[in-house]
Amino acid sequence: MSLFEIKTEIAPAAVDAIDELLLEQGLENWSLLQDVIAGRAWLVGIFPDAATARASWAALSPLLPAEASPAAPEERALGDQDWRDSYKAHFKAWRCGRLHWVPVWERATHVLAPGETAIWLDPGLAFGTGNHETTRLCVERLVARAESTPRRGRVIDAGCGSGILALSALRLGWTDVVGFDNDPEAVRVAQENAELNDLGSAIRFATADLVSGLPAGTQADVVLANIQADVLLRFIPQLVNAIAPGGLLVLSGILARENDQVRAAYAAAAPGWRVEHRLLGEWSDVALFRP
């Protein structure tokens, strides 16, 4: 099957607004690619033929926000292999501390120094690359925790998505790691990604929400919740009560403009805990350290 691709580079600051636009308009042929490390982003459409692609671009381009500053679109016909491999050009290996996140097609050539470890990524399996700011904020907190404290106790990846944070915790040395998501498809993909990294027998993923996934009495050394601010604000008791003494709660998926509200709400619910936050582009995190 031959397909037709139309692609334009856009300003990274416009990614979130364009993502919302695509959802609102139901434009399923269009997708966004972003490389936070390189500071670049692209809007890509895949269509059955050139005429359909150009008509869709003509309809979409006037709706793009001014800050998108789209480049002149590039067009090309795609054969089967081109279509399967086109995403590879946008995903590069990156590292945080001793943890490397590496495209699976570089597995045979990527060099790890002694003491370093890797998560192998295949975006073609909907795994993600960790390039989004919210994921990077969580990974950096997790790496810092691994470097500063013994890796004991449980790690919970709440709203695990494709499981990338849970798998990172295993690679960093935790042995009791669980993840859950309310989307059964996400749980299936997370398990698939665990097997890609030879971790299929080392982790448990389950279909659950923040109530059933964090029942009363749950205690963990680290809880990672990379979700979104409105959900985080609805489930404060469940997340705070899941932290064991001396433990860490990491909240991400928070727009920078929402950080004050989330931080204040959690600080009020966890008096005496140390509270930190960081900004990365338009996104932010909140970290709470229980005494």
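If you read the sequence from its start, that first residue is 1, and numbering goes on from there. Values below: all heavy atoms of this structure, side chains included; hydrogens, waters and symmetry mates excluded.
E195 CD: more than 12 foreign heavy atoms inside a 6.0 Å radius.
In the hydrophobic clustering of this structure, V275 does not group with L137; members are Ile, Leu, Val, Met, Phe, Trp, Tyr whose side-chain heavy atoms approach within less than 4.5 Å, directly or through other members. Under the 4.5 Å side-chain contact rule for hydrophobic residues, L167 and V222 share a cluster. Tracing side-chain contacts under 4.5 Å through hydrophobic residues (I, L, V, M, F, W, Y), one never reaches L280 starting from L251; they form parts of separate clusters. No continuous path of ILVMFWY side-chain contacts below 4.5 Å connects L279 to V262, so the two sit in separate hydrophobic clusters. Both V231 and I243 are part of a single hydrophobic cluster, where members link through side-chain heavy atoms under 4.5 Å apart.
With values rounded to the nearest 0.5 angstrom, E192 atom CD is found 11.5 Å from N197 atom CG. To the nearest 0.5 angstrom, W174 atom CH2 is 13.0 Å from I156 atom CD1. The CZ atom of R76 sits 12.5 Å away from atom CD1 of I6, with the distance rounded to the nearest 0.5 Å. Here the CD1-CG distance, from I18 to L27, works out to 11.5 Å after rounding to the nearest 0.5 Å. Here the CG atom belonging to D230 is positioned 9.5 Å from the CZ atom belonging to F235, to the nearest 0.5 angstrom. Taken to the nearest 0.5 Å, the CG atom of L170 stands 5.5 Å off from the CG atom of L199.
Side-chain contact between W101 and W94 is present, with heavy atoms from C-beta onward closer than 4.5 Å. At a threshold of 4.5 Å between non-hydrogen side-chain atoms, the residues L43 and P70 do not count as touching. In this structure, P291 and W273 have side chains that are in contact, with non-hydrogen atoms separated by less than 4.5 Å. In this structure the side chain of N241 never reaches within 4.5 angstrom of the side chain of L239, judged on heavy atoms. Side-chain contact between Q34 and P12 is present, with heavy atoms from C-beta onward closer than 4.5 Å. The side-chain heavy atoms of V143 and E147, taken from C-beta on, include a pair separated by under 4.5 Å. Side-chain contact between T207 and F180 is absent, with no heavy-atom pair separated by less than 4.5 Å. Under the 4.5 Å side-chain criterion, counting only non-hydrogen atoms from C-beta, L172 is in contact with L99.
With hydrogens and angles ignored, the 3.5 Å screen pairs no side-chain donor or acceptor of R171 with any backbone N or O of I119. R154 places no side-chain N or O within 3.5 Å of a backbone atom of D176 that could act as its donor or acceptor partner. Under a 3.5 Å cut-off, the side chain of R107 and the backbone N or O of W120 do not form any donor-acceptor pair. Between the side chain of E258 and the backbone N or O of L255, at least one donor-acceptor pair lies under 3.5 Å. Judged purely by atom type and a 3.5 angstrom limit, S56 has no side-chain atom pairing as donor or acceptor with the backbone of T52. A distance-only check finds no donor-acceptor pair linking the side chain of D181 to the backbone of A186 [under 3.5 Å]. A donor-acceptor pair is defined here as one N or O able to donate and one able to accept, closer than 3.5 Å; no such pair exists between the side chain of S162 and the backbone of V189. S284 places a side-chain N or O within donor-acceptor distance of the main-chain N or O of I254, the cut-off being under 3.5 Å. Checked by atom type and distance alone, the side chain of Y266 pairs as donor or acceptor with a backbone atom of L232 at under 3.5 Å. Listed for the S212 side chain is no donor-acceptor partner under 3.5 Å among the backbone atoms of A208.
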Residues V178, D157; criterion side chain to side chain contact (heavy atoms under 4.5 Å, CB included); working and verdict: CA-CA 6 Å; V178 297; D157 186 359; over 6 Å; no
Residues D49, F4; criterion side chain to side chain contact (heavy atoms under 4.5 Å, CB included); working and verdict: CA-CA 5 Å; D49 54 64; F4 194 85; 5.5 Å; no
Intermediate values then yes/no, salt bridge (Lys or Arg N to Asp or Glu O under 4.0 Å), D221 and R145: CA-CA 10 Å; D221 177 56; R145 181 76 173 185; 2.8 Å; yes
CA sep, side-chain torsions, deciding dist, call: L32, I10, side chain to side chain contact (heavy atoms under 4.5 Å, CB included): CA-CA 10 Å; L32 290 159; I10 57 171; 3.7 Å; yes
Derivation of the salt bridge (Lys or Arg N to Asp or Glu O under 4.0 Å) call for E75 and K7: CA-CA 7 Å; E75 303 177 353; K7 178 172 71 174; over 6 Å; no
E116 vs R98, salt bridge (Lys or Arg N to Asp or Glu O under 4.0 Å): CA-CA, chis, key distance, verdict: CA-CA 5 Å; E116 297 179 344; R98 67 183 188 88; over 6 Å; no
Audit row: V250, L142, side chain to side chain contact (heavy atoms under 4.5 Å, CB included) steps and yes/no: CA-CA 9 Å; V250 180; L142 194 60; over 6 Å; no
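For an aromatic pair to be called close, the ring centres must be under 6.0 Å apart, and F47 with W57 fails this.
Of all non-hydrogen atoms in A190 and G161, the two that sit nearest each other are CB-O, 3.8 Å. I236 and A265 get closest at one heavy-atom pair: CD1-CB, 3.7 Å. Across every non-hydrogen atom of R151 and A146, the tightest pair is NH1-O, 2.8 Å. For the residue pair L214 and A242, the shortest heavy atom distance occurs at CD2-CB, 4.1 Å. A pairwise comparison of heavy atoms in N226 and G253 identifies OD1-N, 3.2 Å as the closest pair. Scanning both residues, Q261 and L233, for their nearest heavy atoms gives NE2-CD1, 3.5 Å.
Of the options V155, V139, T135, a side-chain contact (heavy atoms from CB on, under 4.5 Å) to L224 is made by V155 and by none of the others.
Using a 4.0 Å cut-off between charged side-chain N and carboxylate O, D209 and R234 make no salt bridge. Salt bridge present: R188 and E185 bring a charged side-chain N and a carboxylate O closer than 4.0 Å.
Within the structure, every pair that satisfies the salt bridge (charged side-chain N to carboxylate O under 4.0 Å, His left out) test and touches residues 275-291, not counting sequence neighbours, is listed here: E140-R278, R141-E276, R141-D285, R274-E276, R278-D285.
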